[in-house]
**Student:** 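The structure that follows is given in the form of C-alpha cells.
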2 protein chains.
Amino acid sequence: MLDTFEIRLSGVTLESADLVVVLGGNANMDTAKTIIDTLAPDSLLRALSPEQLERLLAKSTRRSLKKGDVLINQGDEDGDFAVYLLSGALKISFVSAGGREIILNYSAPNELVGEIALLDSGPRTASVTAVVPSEALLLPTSTFLETVSTSPASVVGVMRELARRVRQLNLVVESDRTFSMGPRLARALVRLVDQNRDDGQLIYNPSQNDLGAFAGLARENVSRLLSEWESQGIIAREGRALLVRDAEYLELLAEFGDDI
Amino acid sequence: MLDTFEIRLSGVTLESADLVVVLGGNANMDTAKTIIDTLAPDSLLRALSPEQLERLLAKSTRRSLKKGDVLINQGDEDGDFAVYLLSGALKISFVSAGGREIILNYSAPNELVGEIALLDSGPRTASVTAVVPSEALLLPTSTFLETVSTSPASVVGVMRELARRVRQLNLVVESDRTFSMGPRLARALVRLVDQNRDDGQLIYNPSQNDLGAFAGLARENVSRLLSEWESQGIIAREGRALLVRDAEYLELLAEFGDDI
DNA sequence: TTGGGTATGTGATGAGCATCACTATTCAGC
DNA sequence: GCTGAATAGTGATGCTCATCACATACCCAA
C-alpha cells in the first residue's frame with residue numbers, strides 16, 4: 001500500500017526539449033470530489049462505485065501538463081502507472097527502427113492511456129506527450145489492477161477499450177497497405193475530428209509533420225493534399241487551424257479508398 | 001442459461017469453397033475432463049478454478065475443423081461466441097475495401113480468438129478459417145463474460161492477451177510504414193516460427209500468396225525473396241515446406257530493418 | 001496418363017510516393 | 001519590432017515495389 005507515488009522520467013525526449021516535471025501532491029478527498037463531479041457521463045471511471053472511485057483517486061496523482069511535457073518515455077522500464085486524461089490532448093507515439101516518428105493515436109479526455117505496459121510489464125513501447133495543456137490522473141499499477149479486478153463493470157470497460165484499440169489498429173493496417181495517400185490522410189483527419197462538437201474542429205491542431213507521422217506519409221504530400229482539399233472546399237483553414245467542412249466526403253474516402 | 005449452442009455461418013467464404021458445417025454436441029463432463037487434461041501449462045484457461053472451468057466447458061461446443069472450414073465470417077452479425085483453439089492453426093483475415101485479403105494473424109493452440117466482437121458487440125470485422133485440421137472450443141458470450149468477470153486471474157489473463165495483440169499490431173504498423181520488403185517478410189516468418197520446436201519449422205506452411213497477404217507485399221516479391229534467402233542458407237525448403245535456418249538473422253532484419 | 005487447377009519463378013514496365021532542394025511564411029522569444 | 005527557428009508550399013528526381021505477362025512446376029482426380 002503506497003500512499004504517495006513517485007514518477008521517474010528517464011531517457012531522451014522526442015523533441016529533446018527540456019523537461020519540467022511537475023509533481024502534484026496526491027489527490028486528496030477534496031480534489032477527489034471535484035474530479036468526480038467533472039467526470040464525463042461516458043467516463044470509464046463511472047463504472048466504479050463511489051467508494052471504489054474515491055479509493056482509486058486517493059491513491060492517484062494528479063498532473064498538470066504544459067504543452068510538450070512528456071509523461072511517458074519509450075523505453076522506460078518503470079511502467080508502473082496508467083494515465084487517465086481529464087482534459088487536454090495527448091500524443092501517443094514511438095520512434096521506429098529507422099528513426100522516424102510514428103504517431104499511433106491522439107487521446108481525448110476521459111480516455112485511458114498507457115495501461116498496456118501494466119499488463120505485460122515490459123518496457124514502455126511508446127511515448128506519451130501532452131500536445132496542449134492538459135490535466136491527467138496517474139493511476140499506480142497495483143491500485144489500478146486491484147480496482148479493475150474487483151469491479152466487473154470496469155473490467156468489461158477496460159477490455160472494451162482494448163478491443164476498440166485492436167479494431168482501430170486493424171483499420172490502420174488496412175489503410176497503410178491498400179490505400180493511397182488521400183484516403184490515408186482522410187482517415188487521420190476523421191480520427192482527429194472532435195466528437196463533442198459539430199463544427200468540424202479537431203481535438204488538436206497538428207502540424208503537417210505530425211499529420212504525416214499519424215497518417216503515414218511524407219510532410220510534403222500532406223501539404224499538397226491539404227491545399228487541394230482546401231480549394232475544393234472539403235476543408236478550411238483559419239490561420240493554422242484546420243476545419244473539416246465536408247466530413248462525409250472524408251469518411252467515404254477513409255472507408256472505401258480511392259474507389260468511392 | 002442455454003445448454004446447447006447453435007452456430008450459424010452466413011455470408012460468402014473467402015475462397016468460396018463449399019462449406020461443411022460440423023456441429024459437434026456440446027462438451028459433456030467426460031470430454032471436459034479430457035480437455036482439462038490436455039490443456040497446455042501456459043493456457044489461459046488454467047487461470048480458472050477446476051469448477052469454473054468445468055462450468056465453462058459444459059456450456060461450450062467443441063468443433064472439429066477440416067482444412068478450409070470457416071468458423072467466423074467477416075460481416076457476421078451474430079458475434080456471440082469466442083474461440084479457444086485446442087489444436088491446429090487458424091487464420092485471422094479480412095478483405096480490405098480494395099478487395100485484397102489481409103491476414104492479421106495465425107493463431108496457435110491455447111490461444112483465444114474472436115473475443116473482440118463479444119466486447120463491443122459489433123459485426124465481425126475479420127474471418128477465422130482453419131488452415132490445417134483443428135480442434136476448437138466455442139465459448140458463448142454470456143458464459144465467457146460471466147466466467148471471466150468472476151475470476152480476477154483470468155481477467156488479467158484476457159487483458160494481457162489483448163495487450164499483447166495491441167503491441168503486435170503496433171509492430172506491424174511500424175514495419176508496414178518504414179521497412180522495405182525484406183524486413184517485412186522476415187517479421188512475418190519470425191511470427192510463424194513454431195515456438196514449441198527448435199528446428200525452425202513453422203506452425204503452418206503458407207502459400208506465397210498467404211505470406212504476401214500476411215507480410216503486406218506482392219506474391220511475386222515473396223517468391224523473389226525466398227529464392228534469395230534459400231541461396232544464402234537463411235531458409236531451406238523441403239518440398240513446399242519452409243524451414244527457418246538462420247532465425248537470428250531474420251530476427252535482426254525484423255527488428256532493425258535494412259540497416260542492421 | 002492426362003489434363004486442369006493451383007502454386008511458383010522471373011523479366012519488363014510504370015505508378016506512386018519519398019526524398020531532395022529550395023523558397024516563402026509564420027511564430028515565439030528577446 | 002526584430003531575428004532565428006519552426007512550419008509550410010512546390011517543383012524535379014529517382015527508388016521501391018505493384019502489376020502485368022508469361023513460363024514452369026506441382027498436385028490431384030478422373
Side-chain angles (χ1 to χ4, degrees), chain A residues 14-18 66-68 96 98-103 131-133 174-186 188 204-231 235-242 253 257-259, chain B residues 14-18 66-68 96 98-103 131 175-186 188 204-231 235-242 257-259:
Chain A
L14 287 181
E15 357 278 339
S16 78
D18 278 347
K66 298 198 308 299
K67 174 178 171 172
S96 79
R100 219 190 322 235
E101 185 185 14
I102 292 179
I103 297 177
V131 289
V132 295
E174 176 190 19
S175 59
D176 277 7
R177 290 212 182 153
T178 66
F179 287 177
S180 62
M181 295 193 304
R184 291 212 303 276
L185 185 58
Y204 151 69
N205 271 299
S207 68
Q208 294 184 354
N209 232 317
D210 282 2
L211 262 183
F214 190 37
L217 41 79
R219 195 222 89 220
E220 292 88 331
N221 293 322
V222 173
S223 178
R224 286 182 253 264
L225 280 169
L226 290 182
S227 299
E228 195 187 328
W229 286 348
E230 187 182 15
S231 74
I235 61 166
R237 306 201 233 192
E238 287 184 356
R240 194 151 284 177
L242 282 185
L253 210 55
D258 282 307
D259 37 36
Chain B
L14 287 180
E15 358 276 340
S16 78
D18 279 346
K66 298 198 310 299
K67 174 178 173 173
S96 80
R100 221 192 319 236
E101 184 185 14
I102 292 178
I103 296 176
V131 290
S175 59
D176 278 6
R177 288 210 184 155
T178 65
F179 287 178
S180 62
M181 296 193 303
R184 291 214 302 277
L185 185 58
Y204 150 70
N205 271 299
S207 68
Q208 294 185 354
N209 232 317
D210 282 2
L211 261 183
F214 191 37
L217 41 80
R219 194 222 90 219
E220 292 89 332
N221 293 322
V222 173
S223 177
R224 285 182 254 263
L225 280 169
L226 290 182
S227 298
E228 195 187 327
W229 287 347
E230 186 181 17
S231 74
I235 61 166
R237 306 200 232 194
E238 286 184 354
R240 193 152 285 175
L242 282 185
D258 282 307
D259 36 39

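Each chain gets a letter, A, B and so on, in the order the sequences are listed, and its residues count up from 1.
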**Student:** If I compare all heavy atoms of A/L253 with all of A/P183, which pair ends up nearest, and what's the gap?
**Tutor:** O-CB, 3.4 Å
**Student:** Measure the distance from CZ on A/F179 to C1' on D/dA18 and round it to the nearest whole Å.
**Tutor:** 17 Å
**Student:** Starting at CE of B/M181, measure out to CG of B/L225 and round the result to the nearest 0.5 Å.
**Tutor:** 5.0 Å
**Student:** In whole Å, I'd like the distance from the CG atom of B/D258 to the C1' atom of D/dC15.
**Tutor:** 13 Å
**Student:** Taking only the side-chain heavy atoms of B/S207 (C-beta and beyond), determine which of D/dT10, D/dA18, C/dT8 contains the nearest atom.
**Tutor:** C/dT8
**Student:** When we call it a touch if two heavy atoms are under 4.0 Å apart, what does B/R240 touch: a base, just sugar-phosphate, or nothing?
**Tutor:** sugar-phosphate
**Student:** What is the nucleic acid contact for A/R177, judged by heavy atoms within less than 4.0 Å: base, sugar-phosphate only, or nothing?
**Tutor:** nothing
**Student:** Is any side-chain heavy atom of A/R237 less than 4.5 Å from a side-chain heavy atom of A/L242?
**Tutor:** yes
**Student:** Tell me: CG of B/N209 to P of D/dA18, nearest whole Å?
**Tutor:** 13 Å
**Student:** Atom CD of B/E228 to atom P of C/dT10: distance rounded to whole Å?
**Tutor:** 12 Å
**Student:** Between D/dC26 atom P and B/N205 atom CG, what is the distance in whole Å?
**Tutor:** 16 Å
**Student:** Within less than 4.0 Å of OP1 or OP2 of D/dA18, is there a side-chain N or O belonging to B/R224?
**Tutor:** no
**Student:** Ignoring backbone atoms, establish whether B/N221 has a side-chain N or O less than 4.0 Å from OP1 or OP2 of D/dA18.
**Tutor:** yes
**Student:** Per the side chain to side chain contact (heavy atoms under 4.5 Å, CB included) rule, which among B/L217, B/L226, B/I103 passes with B/L211?
**Tutor:** B/L226
**Student:** Want to settle it: does B/P206 or A/G239 sit nearer the 5' end of DNA chain C, counting the closest nucleotide to each?
**Tutor:** B/P206
**Student:** Round to the nearest Å and state the distance from B/E230 atom CD to C/dT10 atom P.
**Tutor:** 10 Å
**Student:** Rounded to whole angstrom units, what separation is found between the CE atom of B/M181 and the C1' atom of C/dT10?
**Tutor:** 13 Å
**Student:** Where the side chain of B/A218 is concerned, which of D/dA18, C/dT19, D/dA8 is the nearest nucleotide?
**Tutor:** D/dA18
**Student:** When you measure from the side chain of A/Q208, which nucleotide among D/dA8, C/dT8, D/dA18 comes out closest?
**Tutor:** D/dA8
**Student:** Once you apply a heavy-atom cut-off of 4.0 Å, does A/G182 come out as touching a base, just sugar-phosphate, or nothing?
**Tutor:** nothing
**Student:** Quick one: A/E220 CD to D/dA12 P, roughly how many Å, whole number?
**Tutor:** 15 Å
**Student:** At under 4.0 Å, does any side-chain N or O of A/R219 touch on OP1 or OP2 of C/dC20?
**Tutor:** no
**Student:** Should B/D176 and A/R177 count as side-chain neighbours, where that means a heavy-atom distance under 4.5 Å?
**Tutor:** yes
**Student:** OP1 or OP2 of C/dG9 sitting under 4.0 Å from any side-chain N/O of B/R237?
**Tutor:** yes
**Student:** Which part of the nucleic acid, if any, lies within contact of A/L217, taking any heavy atom under 4.0 Å across all strands shown: a base, the sugar-phosphate backbone alone, or nothing?
**Tutor:** sugar-phosphate
